[in-house]
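Data block below; observations after.
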Number of protein chains: 2
Amino acid sequence: MMHHSFELILANIGRHISLTAEESSYFTQLLRPGHYARRELLLMEGAVCTDFTFIVSGCMKSYLLDQQQKEHILTFAAPDWWIADINSFITGNPGNLFIQAISETHTLALSRRNQEILLREIPKFERCFRILTERAFAASLQRNIDAMSLSALERFEKFRLQYPYLLSLLSDQEIASYIGVTPSFFSRMLKKHHLK
Amino acid sequence: MMHHSFELILANIGRHISLTAEESSYFTQLLRPGHYARRELLLMEGAVCTDFTFIVSGCMKSYLLDQQQKEHILTFAAPDWWIADINSFITGNPGNLFIQAISETHTLALSRRNQEILLREIPKFERCFRILTERAFAASLQRNIDAMSLSALERFEKFRLQYPYLLSLLSDQEIASYIGVTPSFFSRMLKKHHLK
DNA sequence: CCTGCAACTTGACCTTGGTCAAGAACTCCA
DNA sequence: TGGAGTTCTTGACCAAGGTCAAGTTGCAGG
């Protein structure tokens, strides 16, 4: 069963580079399994994000609180995705994001220190992380584009087409926060367009 | 003088990895110098972005036109920065961004093909591009956060503090587009707050 | 030096989405 | 199974920022 829990992450990595059996086990032994209850925090504002975290099951979100303590969701992470406060992770400085479990979640964490060891011992992981980062970067740019050029309704339509799986896991508030509107406006919008 | 034109890019790379003299010259010979007049396009919507482009002097912007043909600026690139339509570059599909020179600009282009050769011949460049991408990714996430949690005025204040150098090169329309407001609102905002 | 276009400004009005507060509807355990 | 907290909905009102069009200013090229 130990073996079983690494299947998803090895498949994830295997999409970008191929590993021998030894390399795979070297890699997996650098991972730290974690378990979070619904609403449990993985990271708090002001803490240094020391881990790059892979979601095995469940779902997490990263968000920040603005000056008025309003929550703004930056990303969701479903199974087979990674989550971190990248800015804090790469600089080593305290971050301003919270990361929280939306439902009961199993994770595998790769610490900064272990990532360095991994990259030194198996340099082809550089390639893997480059590709993962490129994709996440492209997704983030697209979100900037959408925020600038689409209406709230269009952003929601796009979200539901792109992440139908997440829709069922999230509260309306969370979807509203992600697309960048208030819960009350979101509720009105759904009603007006008979989307619920 | 050939040598001189590579100093900036070698310093840029040198911030992340160290290269021998041979590696440096292997790298620079994979670069294609380019020159663009003010307003000249480096990339058009619908074209495949085949190059990762380094700005030696001058300034460029990437932008898209929305359904109503309104321009939205995604990024600026001053000297010592890279610019590309990352999504098109990594997928090889036609992109939806334009890249255009704001002033007369000298560039060094690394094509996708040459990047592959470079990564194969000198694998430590994987690390370099991973780090460059991570930083660009962190900047993009921060922009998402700012778009969600700051007012137009706050976004402008942040922009002028962060990129004072760009302020002098850009028209008000371009700044307005980048911070995500119309030129007329931007003009009113400056006046209201005595910012000009 | 002048002209013609591009950039900026401004007025009047409009739209999208926010605020605050109160009520209705879930749910999750004890 | 029955509260106690969430979450969702809704009304009345508000504010940030957009639209359109008409000036004005500025400046680059002939």
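Residues B:I131 and A:F125 are members of separate hydrophobic clusters, defined by side-chain heavy-atom contacts under 4.5 angstrom among Ile, Leu, Val, Met, Phe, Trp and Tyr.
Atom CD1 of B:I179 and atom C1' of D:dG17 are 11 Å apart (whole Å). We find that CG of A:L190 is positioned 10 Å from C1' of D:dC8, with the value rounded to whole Å. Protein atom CG of B:L195 is 16 Å distant from nucleotide atom C1' of C:dC8, rounded to whole Å.
Put simply, the side chain of A:D66 gets close to the backbone of A:Q68: a donor and an acceptor are under 3.5 Å apart. Proximity of a side-chain donor or acceptor of B:S88 to a complementary backbone N or O of B:D85 within less than 3.5 Å is not detected.
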Protein proximity profile, nucleotides 12-28 of chain C - base contact B, sugar-phosphate-only contact S, no contact -, cut-off 4.0 Å on heavy atoms: B----BSBB--------
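A:Y178 has its ring centre no less than 6.0 Å from the ring centre of A:Y63. Here B:F27 and B:F6 keep their ring centres 6.0 angstrom or further from each other.
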Take A:Q100 and A:Y36, measure what side-chain contact (heavy atoms from CB on, under 4.5 Å) needs, and give me the verdict at the end. CA-CA 9 Å; A:Q100 189 186 37; A:Y36 297 85; over 6 Å; no
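Taking 4.0 angstrom as the limit, B:K191 places a side-chain polar atom (N or O) nearer than this to OP1 or OP2 of C:dT10. Taking 4.0 angstrom as the limit, A:Q173 places a side-chain polar atom (N or O) nearer than this to OP1 or OP2 of D:dC8.
Residues from residues 140-149 of chain B lying near DNA chain C, meaning a heavy-atom separation below 4.0 Å, are absent.
Shown here is B:R155, whose CZ atom has more than 12 heavy atoms of other residues, nucleotides or ligands within 6.0 Å.
In this structure, A:R112 is positioned above the aromatic face of A:F89, its NZ or CZ under 6.0 Å from the six-membered ring centre and within 45° of the axis.
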